[in-house]
Amino acid sequence: MNRTGRDTRPAGNTASDGETRPLVLETPLIFEQAGPATTGVDLPDPPPGPPRLGPVAERASIGLPGLSEPEAMRHYTRLSQQNFAIDSTIYPLGSCTMKHNPRLNEAVARLPGFADVHPLQPEATVQGALAAIDALAGWLKDLTGMPAVAMTPGAGAHGELAGMMAIRTALADRGETDRTHVLVPESAHGTNPATAAALGFEVDRIPADARGRVDLAAFKARLGPDVAAIMLTNPNTCGLFEGEIIEIAAALHEAGGFFYCDGANFNAIVGRVRPGDLGIDAMHINLHKTFSTPHGGGGPGAGPVVLSDALAPYAPLPKVVAAGDGRFALAERAEGAHAKSFGRLKAFHGQMGMFTRALAYILSHGADGLHQAAGDAVLNANYLMARLSAVMTPSFDGPCMHEALFDDRFLKGSGVHTLDLAKALIDEGFHPMTMYFPLVVPGALLIEPTESEPKRTLDAFADALIGLVARAAAGEADAFAAAPRKTPRRRLDETTAARRPVLRWTPPAPTQEAAE
Amino acid sequence: MRYLPLDDADRAAMLATIGVETVDDLYRDVPAGAYLPRPLPDLPPHAGEMAVMRSLQRLADRSVPAGSRPFFCGAGCYRHHIPASVDYLIQRGEFLTSYTPYQPEVSQGTLQMLFEFQTQVALLTGMEVANASMYDGATAAAEAVLMAGRVTRRHRAVLAGNLHPHYRDTITTLAGFTGFNAVSADPRPDGREDLAGLIDGETAAVVVQTPDLFGNPHDLRALAEVAHQAGALLVAVVTEAVSLGLLTPPGAMGADIVVAEGQSIGNPMGFGGPHVGLFATQSRHVRQMPGRLCGETVDADGRRGFVLTLSTREQHIRREKATSNICTNSGLCALAFSIHLSLLGEAGLMRLARLNHARAAAAADRLAAVPGVAVVNDGFFNEFTLRLDRPAAAVVDRLADEGVIAGVPVSRLHPDRADLDHLLLVAVTETVEDEDIEALARGLAAAAA
């Protein structure tokens, strides 16, 4: 019995079928390594004196283990070695834009004038930080062709929340509180309906047409005085440009609704299409996608949201505003020009550390580099589409944008499922594509190589997939079901994890320990 | 362009494979007139690493870094020393450039770290379970209120008057859009507020901060009892995580949900973000929790491993029925928190907390001796409130000109409360030296003269 409550085999390098796996340096949980007396930090002795904590008593023991510095280095280095990452392999997760993360951006973010400043220092002492936010805001407005941007949202979904809050506030300001429905295409990211529902809107699904785009006739038929907005991703989650987007925007505006565009896939069009030219009212920009701030194992992100003139007055606070003579100030109160702001979204002024990284990336690329980057992202996706179409089944005809969508028709009769194919790809040294999303095609495989991949990596990835498809067709379903075999762990039992959740380490019961 | 590996020969070969002439042909679905075949004019072209660093260094130099001055700001964001190994480890590419661990077989590093993080947060807050982190402390507090609504099926929140106003505003923004009625008590700088009269049978959540905005630690036990008798959940907010190394944690005083800002362990102030929200509760509420959760399981060989779990609460499965629209955590900041806390360990954290408290006590005594200055608090952790004989904002601006960042004037956070405008929040961490305290004392004395 280990100390976290499940029966497990000891870690080792022999698989259950006797096959030897590659060497993986394991590391136990920190709670299994050391006790509370160990520390890896030297601090001076606190001077003696009675505590002055008011009515609260000092806490008893916590149960936290400590590691010396060498032990900590080894523990976290070994943990890191169990991860796939962009630095080590192509990571073609569709809809996630896993592109190269330049280390210049890391150096810039750590400049003391950005990193070692407090959000509530006097404004005169944070002019550099405010100027950097203003510079990034300027680029985001120029690149989207939009007149305003709210910088504070902490992630893409937070940006969606901000945009939809602005829309609801604008509708209330117009007295149109009976606009209670938000139209969401079937192919949308789950955050779209979740955001609309969180704000109390009814969510109506809009079907896709046979070409993978919004069914224009169905959309127009649904428009009416109860529609607040549409939330449409463009390019959409099938990796396709919504060619009728201008008509969608016009019909929606005619009917009195607002156009929320999910900007998750902006990387495909940055520098080549300005969403402002398409008639949108709001769009969040995932700085960790298009502008290459590191994904960090799942955040932090940043989700500034660009806004039309109609929505700009309702933008969240605080805002960086020009104060004359090249100086900047923070507008923190809902007064004057900001009187209609819907309020505050998080503790301070936004994800500054992500802003500086994104700004370094944008300045490095410049207008020409961003134009080229979007083109290369689309070229890479179409190249994979072309190479793989011979053996896999593309879901839609025609060129894609930054990601290539296939469904599982090519696996029919093989006994191999989308998931098995993805897991087998891991054994070939590649991170899998996004699977089973979007929901509008069966067994979806969504491949987004990004502009960061050289042609030889794309070829190696395509060759590996083509080889796997041939093996699937040759009846090797059992081998696929057993994949991956070379990884630090093989397939994990997610059903048991959810049915009987073990979400933390717990200390062993003393009596049980004694009995063992 | 150094980030783009394709050259023109590659591009030509790839276009030939695809069967189109130019990259522009791939954009043929874009409506005519909306497509830009050339880079946007009037924007700068690409630049080399040296040029980018030079221009951004110039911008950064227009700020005054905290480390260059005697520095006393707190109010939800704290300057602590971060061991060099923390920043090295979080920049390992396998942590920095990986994504949400959707493929657990090749993400065990991130997943084991999250499992350890969740356990550390649960232990620190005195709760049973914690999630894999939120955007920041304020959004965690807002999500806690919504969660209390799901648990109690009520829609009223009572917010302590001494809750950080940015947290209050973040909660009321979200509450206003989700049919919640959030009522706020008046601020009480001496910490003697009584919320019992505001709690009724419709109340879902009572939100109280400890130490509060003014630095007063609170014993929550009596309030927890009142909340529980009314059928409400007690949500405790901690904006300075290091305080949990010395003070009895909210989980041991009856809190049902504890949210905290974790920035002060492992993460720089960074002008306010990215930070890391901590969120902990009791096991029975786990399926109502927002955010990602990592759980233990076994692999096909029976070996222990970790996965993201209980995702049926989340937006990518539940869509409009999700517990929250959140689809990210603050992964890298959580990693920095976890590494720093591993390095500290219990002994180091408690020593760090004592050191902070002792520095603050020394500073409070020294500053109380300045004519025209009084310490408002009876008790504090590493931050206390001074009452000056004139508006604090002007004093702070004057001292900034003289090279001392004196703290946060309460008027910055409560601009509508003229009765609070003589108050100054002063935070004193282990990074503050005796001569810094002397510089502040001299500055306050000069300002009062």
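Small disclaimer: the values here were computed from a predicted structure and weren't measured. We name chains A, B, ... by the order of the sequence lines, and we start the count at 1 in each one.
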R333(A) atom CZ, neighbour heavy-atom count above 12 within 6.0 Å | yes

Indicate whether the side chain of E58(A) and that of H357(B) have a donor and an acceptor atom separated by less than 3.5 Å.
-> no

Is there a donor-acceptor pair under 3.5 Å between the side chain of R52(A) and the backbone N or O of A358(B)?
-> no

Donor-acceptor contact below 3.5 Å, side chain T97(B) vs main chain D87(A) = yes

A196(A), part contacting chain B, at a heavy-atom distance under 4.5 Å | neither

Ignoring hydrogens and geometry, is there a side-chain-to-backbone donor-acceptor pair from D136(B) to A347(A) under 3.5 Å?
-> yes

Indicate yes or no: at least one non-hydrogen side-chain atom of P268(B) is less than 4.5 angstrom from one of D116(A).
-> no

Does the side chain of L56(B) come within less than 4.5 Å of T356(A)'s, by heavy atoms?
-> no

Top of L59(B), V106(B), V20(B) for chain A proximity - count of heavy-atom pairs under 4.5 angstrom | V106(B)

In terms of side-chain heavy atoms, does R38(B) have a donor or acceptor partner in H371(A) at a distance below 3.5 Å?
-> no

Classify the angle between the aromatic ring planes of Y135(B) and H158(A) as parallel (below 30°), tilted (30 to 60°) or perpendicular (above 60°).
-> tilted

Is a side-chain donor or acceptor of R351(B) paired with a backbone partner of P46(A) at a separation under 3.5 angstrom?
-> no

Taking every heavy-atom pair that is under 4.5 Å apart, which of P102(A), S88(A), G54(A), P51(A) has the most such pairs with chain B?
-> P102(A)

Taking atom types as modelled, is there a side-chain donor on S364(A) or R2(B) under 3.5 Å from an acceptor on the other?
-> yes

Engaged part of Q91(B) at the chain A interface, taking heavy atoms whose separation is under 4.5 Å = both

Nearest 0.5 Å please: distance from the CG atom of L503(A) over to the CZ atom of F115(B).
-> 7.5 Å

May I ask you to test the L124(B)-L64(A) pair for a side-chain heavy-atom distance under 4.5 Å?
-> yes

For L93(A), is it the side chain, the backbone, both or neither that has a heavy atom under 4.5 Å from a heavy atom of chain B?
-> side chain

Using a cut-off of under 4.5 Å on heavy-atom pairs, state which of Y167(B), F381(B), F71(B) scores highest against chain A.
-> F71(B)

Could you tell me whether a side-chain N or O of T119(B) sits under 3.5 Å from a main-chain N or O of W505(A), the two making a donor and an acceptor?
-> yes

Go through the atoms of C77(B) and report whether side chain, backbone, both or neither lie under 4.5 Å from a heavy atom of chain A.
-> both

Student check: side-chain heavy atoms of V117(A) and M269(B) closer than 4.5 Å = no

Would you say the side-chain atoms of S342(B) and Y76(A) include a donor-acceptor pair closer than 3.5 Å?
-> yes

Would F271(B) and H118(A) satisfy ring pair (Phe, Tyr, Trp, His ring centres under 6.0 Å), going step by step from the backbone distance to the final call?
-> CA-CA 5 Å; F271(B) 200 49; H118(A) 188 282; 8.9 Å; no

So, the part of M14(B) with a heavy atom under 4.5 Å from chain A: the answer is both

For R92(B) and S80(A), what are the C-alpha separation, side-chain angles and deciding distance, and is it a side-chain hydrogen bond (donor to acceptor under 3.5 Å, both in side chains)?
-> CA-CA 7 Å; R92(B) 283 190 65 90; S80(A) 74; 2.7 Å; yes

Please examine the side chains of F241(A) and P31(B), heavy atoms only from C-beta on, and report whether any two atoms are closer than 4.5 Å.
-> yes

Do you know which of A37(A), S61(A), A197(A) has the most heavy-atom pairs with chain B at a distance under 4.5 angstrom?
-> S61(A)

Side chain from CB out, backbone as N, CA, C, O: work out which of these in S55(B) comes under 4.5 Å of a heavy atom of chain A, or both, or neither.
-> side chain

Pick from G298(A), A482(A), G113(A): which one has the most heavy-atom pairs with chain B under 4.5 Å?
-> G298(A)

Under a 4.5 Å heavy-atom cut-off, does chain B meet the side chain of Q372(A), its backbone, both or neither?
-> both

From the options R489(A), R491(A), K423(A), R490(A), select the one residue that forms a salt bridge (charged side-chain N to carboxylate O under 4.0 Å, His left out) with E105(B).
-> K423(A)

Looking at side-chain heavy atoms only, is the closest gap between L26(B) and L379(A) below 4.5 Å?
-> yes

For the side chain of R62(B) and the backbone of A129(A), is there at least one donor-acceptor N/O pair under 3.5 Å apart?
-> no

Give, for atom CG of L79(A) and atom CD of Q112(B), the distance between the pair rounded to the nearest 0.5 Å.
-> 4.5 Å

Non-hydrogen atoms of chain B under 4.5 Å away: do they reach the side chain of L278(A), the backbone, both or neither?
-> side chain

D376(A) and R11(B): CA distance, side-chain angles, deciding distance, salt bridge (charged side-chain N to carboxylate O under 4.0 Å, His left out) verdict = CA-CA 8 Å; D376(A) 283 0; R11(B) 294 185 182 107; 2.8 Å; yes

Taking side chain as C-beta onward, heavy atoms only, is P399(A) less than 4.5 Å from Y27(B)?
-> no

Which bit of M73(A) is near chain B, if near means a heavy-atom gap under 4.5 Å: side chain, backbone, both or neither?
-> both

Between T297(B) and D493(A): side-chain donor-acceptor atoms closer than 3.5 Å | no

Check whether V307(B) gets within reach of chain A through its side chain, its backbone, both or neither, counting any heavy atom under 4.5 Å.
-> side chain

For H275(B), is it the side chain, the backbone, both or neither that has a heavy atom under 4.5 Å from a heavy atom of chain A?
-> both

With a 4.5 angstrom heavy-atom cut-off, could you sort out which part of A386(A) is near chain B: side chain, backbone, both or neither?
-> side chain

What residue, out of R79(B), E49(B), E116(B), has the most heavy-atom pairs lying under 4.5 Å from chain A?
-> E116(B)

Side chain, backbone, both or neither: which part of N382(A) has a heavy atom under 4.5 Å from chain B?
-> both

Which one of T110(B), D29(B), L96(B) has the most heavy-atom pairs closer than 4.5 Å to chain A?
-> L96(B)

For chain B, which of G299(A), A302(A), P484(A) has the most heavy-atom pairs under 4.5 Å?
-> G299(A)

Could you look at L349(B) and say if it's the side chain, the backbone, both or neither that has a heavy atom under 4.5 Å from chain A?
-> side chain

Side chain from CB out, backbone as N, CA, C, O: work out which of these in I426(A) comes under 4.5 Å of a heavy atom of chain B, or both, or neither.
-> side chain

Proximal component of D61(B), with respect to chain A [non-hydrogen, under 4.5 Å] = neither

Check: L120(A) main-chain N/O paired with R412(B) side-chain donor or acceptor under 3.5 Å | yes

Residue among I405(B), T172(B), V129(B) with most heavy-atom pairs under 4.5 Å to chain A = I405(B)

What option among A130(B), S330(B), G348(B), A138(B) has the most heavy-atom pairs under 4.5 Å with chain A?
-> S330(B)

Is it the backbone or the side chain of P44(A) that comes under 4.5 Å from a heavy atom of chain B, or both, or neither?
-> both

Cut-off 4.5 Å, heavy atoms of chain A, and the answer for P217(B) is both

Between the main-chain N or O of A85(A) and the side-chain N or O of S98(B), is there a donor-acceptor pair closer than 3.5 Å?
-> no

Counting only heavy atoms closer than 4.5 Å, note whether L352(B) contacts chain A via side chain, backbone, both or neither.
-> both

Is chain A contacted by the side chain of L123(B), its backbone, both, or neither, given a heavy-atom distance below 4.5 Å?
-> both

Less than 4.5 Å apart, any side-chain heavy atom of H365(A) and any of L4(B)?
-> yes

